[in-house]
There are 2 protein chains.
Amino acid sequence: MARDAATTRARILEAATTEFAARGIAGARVDRIADLAGCNKALLYTYFGNKEQLFDAVFAGLVRRLVVDNPIDAEHLDEYAGRLLDYNAAHPEIVRLALWDRLERDGAGMRSAELLATDAAKAAAIAEAQSRGVVSTRFSPETAMGLITVISSMLPFVQPADGARLRAAVTTAVDRLLR
Amino acid sequence: MARDAATTRARILEAATTEFAARGIAGARVDRIADLAGCNKALLYTYFGNKEQLFDAVFAGLVRRLVVDNPIDAEHLDEYAGRLLDYNAAHPEIVRLALWDRLERDGAGMRSAELLATDAAKAAAIAEAQSRGVVSTRFSPETAMGLITVISSMLPFVQPADGARLRAAVTTAVDRLLR
DNA sequence: TCTCCTTCTAACTGGTTAGTTACAAATCTC
DNA sequence: GAGATTTGTAACTAACCAGTTAGAAGGAGA
């Protein structure tokens, strides 16, 4: 076994992502994560503290990547929503983890100063686009963001297996709502 | 103690609703449900079989009430969405239970023949309204239902504490999308 | 090669949990 | 009011599970 702390940490995070996405915090089993990561259970505790802190690490990492990989484009919110949809299709764990976080911890993982700041920045970008007349003022910037989130992230969740038609529906909906 | 099977069953269902809505299936504790219902744990098993079947009973009952209490009005889908929003605000357990069901059981509770039939009936009502020109044909009936669901049930979930402004946003959004 | 430090493991622990059982008490029937 | 049935309980059990511990194995520097 490659004795390398960084690699082992990464393997644990990957295994934990799978397990937490599938079963949530209460349903996840520490032994299952260790088995999947191919390492001893005790390492989870030396590297991450405990089960919930491991969830924190997993979730914070994925959310950070989601935010970095999907910068907002307030001029073309429909395409932004389409890209979010594609991203969620390619990384189905993220939406599931976010839902577990809301349900099991009242959204504790979404309240980091960092994430609140990027949320505020997105709202500001929309507000600015509204002031220039590029985006409709029908909705507040915050509500507009909420609508985009809900349509791009939750619609495939309540309507599974819709495929290519779904993407058209998402961009059409966002265009219709916010232009 | 009032020795009455029907009443006891009802108390168990009520307690289980609270516990399952708060913690999900994996997180729920059978002892906690029994305590809250003020009865012996063994009664849950004599009346409902096991923990998961108890969840089934809780969820099926609430979904049935939701469907009965909120008939679709394809002529005024914006108001229909507004009513769903109000209903969810008054009964916050339902959305949570539906999410637990999706996450923990891949939506098994939403696949009853009864519920599939009412879903089909709703889609048919929308299709009929579309053919009369009352509802836009921008989206398929199924996608239209999905959009209504997501906006009336999930928007308050991702945007907590918005209040009266939220209702206006929901009706405006549905009107804009489907009229 | 000796020593120190990091990485890793097997085995254990104490508390928890879903589900069961054997039995008691209330209610119903006749 | 006797006997059968329904409704309820206390105590138990076997499995499970998060977290710990004591110490082994590997590597780096001298």
Side-chain angles (χ1 to χ4, degrees), chain A residues 1-61 97 100-101 103-106 108-109, chain B residues 1-61 97 100-101 103-106 108-109:
Chain A
M1 194 60 71
R3 247 169 191 263
D4 174 14
T7 304
T8 304
R9 264 186 71 105
R11 275 211 319 276
I12 293 172
L13 278 176
E14 197 191 326
T17 301
T18 302
E19 176 73 1
F20 282 130
R23 319 224 188 200
I25 302 174
R29 293 294 166 250
V30 170
D31 294 85
R32 216 148 39 199
I33 295 172
D35 282 358
L36 190 57
C39 73
N40 193 275
K41 183 172 41 156
L43 289 183
L44 313 204
Y45 293 93
T46 65
Y47 289 142
F48 296 99
N50 61 28
K51 195 187 183 184
E52 183 155 5
Q53 288 172 275
L54 176 55
F55 181 90
D56 269 331
V58 165
F59 190 54
L97 287 168
W100 290 118
D101 179 64
L103 287 171
E104 297 194 281
R105 311 196 305 161
D106 199 26
Chain B
M1 193 61 72
R3 243 167 193 268
D4 174 16
T7 305
T8 305
R9 263 187 71 105
R11 276 211 318 277
I12 292 173
L13 278 176
E14 196 190 327
T17 301
T18 302
E19 177 72 2
F20 282 129
R23 318 222 189 202
I25 301 174
R29 293 295 165 248
V30 170
D31 294 86
R32 214 146 43 197
I33 295 172
D35 282 358
L36 190 58
C39 74
N40 192 277
K41 181 173 42 158
L43 289 183
L44 313 204
Y45 293 92
T46 65
Y47 288 142
F48 296 98
N50 61 28
K51 195 188 185 184
E52 183 155 6
Q53 288 173 274
L54 177 54
F55 181 89
D56 268 330
V58 164
F59 189 54
L97 288 168
W100 291 119
D101 179 63
L103 287 171
E104 298 194 280
R105 311 196 306 160
D106 198 26

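Numbers restart at 1 for each chain; the letters A, B, ... are given by sequence-line order, proteins then strands. All figures in this text were calculated on a predicted structure; none of them were measured in a lab.
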With rounding to the nearest 0.5 Å, note down the distance linking CD1 in A/I12 to OG1 in A/T7. 11.0 Å
Across the strands shown, which category fits B/A34 at heavy-atom distances under 4.0 angstrom: base, sugar-phosphate, nothing? nothing
Atom CZ of A/F48 to atom C1' of D/dG19: distance rounded to whole Å? 16 Å
Interatomic distance, A/I12 CD1 vs C/dC8 P [rounded to whole Å]: 8 Å
Looking at residues 13-20 of chain B, who's got a heavy atom less than 4.0 Å off DNA chain D? none
Is there a side-chain contact between A/T8 and the phosphate of C/dT7, meaning an N or O under 4.0 Å from OP1 or OP2? no
Comparing A/D31 with A/A42, nearest DNA chain D nucleotide closer to 5' gives the residue A/D31
Would you kindly give the CZ-to-P distance between B/R3 and C/dA25, to the nearest whole Å? 10 Å
Does B/L13 form a side chain to side chain contact (heavy atoms under 4.5 Å, CB included) with B/L54? I'd like the steps, not just the answer. CA-CA 8 Å; B/L13 278 176; B/L54 177 54; 4.2 Å; yes
Is A/E14 atom CD crowded by more than 12 heavy atoms from other residues, nucleotides or ligands, each under 6.0 Å away? no
Within the pair A/Y45 and D/dT21, is there a side-chain N or O less than 4.0 Å away from OP1 or OP2? no
Compare every heavy atom of B/L97 with every heavy atom of B/A21, then report the nearest pair and how far apart it is. N-CD2, 3.6 Å
One should read off an interatomic distance between B/R9 CZ and B/T46 OG1, to the nearest 0.5 angstrom, of 9.5 Å
Does B/R29 contact C/dA18 through a side-chain donor or acceptor facing the base, at a distance under 3.5 Å? no
Nearest-nucleotide wise, let me know which of B/G49 and B/R32 is further upstream toward the 5' end of DNA chain C. B/R32
5'-most contact on DNA chain D (nearest-nucleotide basis), B/L43 vs A/N50, goes to B/L43
Rounded to whole angstrom units, what separation is found between the CG atom of A/L44 and the P atom of D/dT20? 12 Å
Flag the pair B/R105 and B/D56 as a salt bridge only when some basic side-chain nitrogen lies within less than 4.0 angstrom of an acidic carboxylate oxygen. yes
Quick one: sort the A/W100 and B/W100 rings into parallel, tilted or perpendicular, breaks at 30° and 60°. tilted
Sugar-phosphate, base or nothing in reach of B/A28, heavy atoms under 4.0 Å: sugar-phosphate
Main-chain N/O of B/V30 paired with B/E19 side-chain donor or acceptor, under 3.5 Å: no
Rounded to whole angstrom units, what separation is found between the CZ atom of B/R23 and the P atom of C/dT16? 14 Å
Out of C/dA24, C/dC8, D/dA18, which nucleotide sits closest to the side chain of A/K41? D/dA18
Protein-nucleotide distance (B/N40, atom CG; C/dA22, atom P), rounded to Å: 15 Å
Side chain of A/C39, heavy atoms from C-beta onward: which of C/dA26, D/dA24, C/dT9 has the nearest atom to it? C/dT9
With no angle test and no hydrogens, is the base of C/dG19 tied to the side chain of B/K51 by a donor-acceptor pair under 3.5 Å? no
Separation of D/dA18 atom P from A/I25 atom CD1, nearest Å, is 12 Å
Please state how far atom CZ in B/R11 lies from atom C1' in D/dT7, giving the value in whole angstrom units. 12 Å
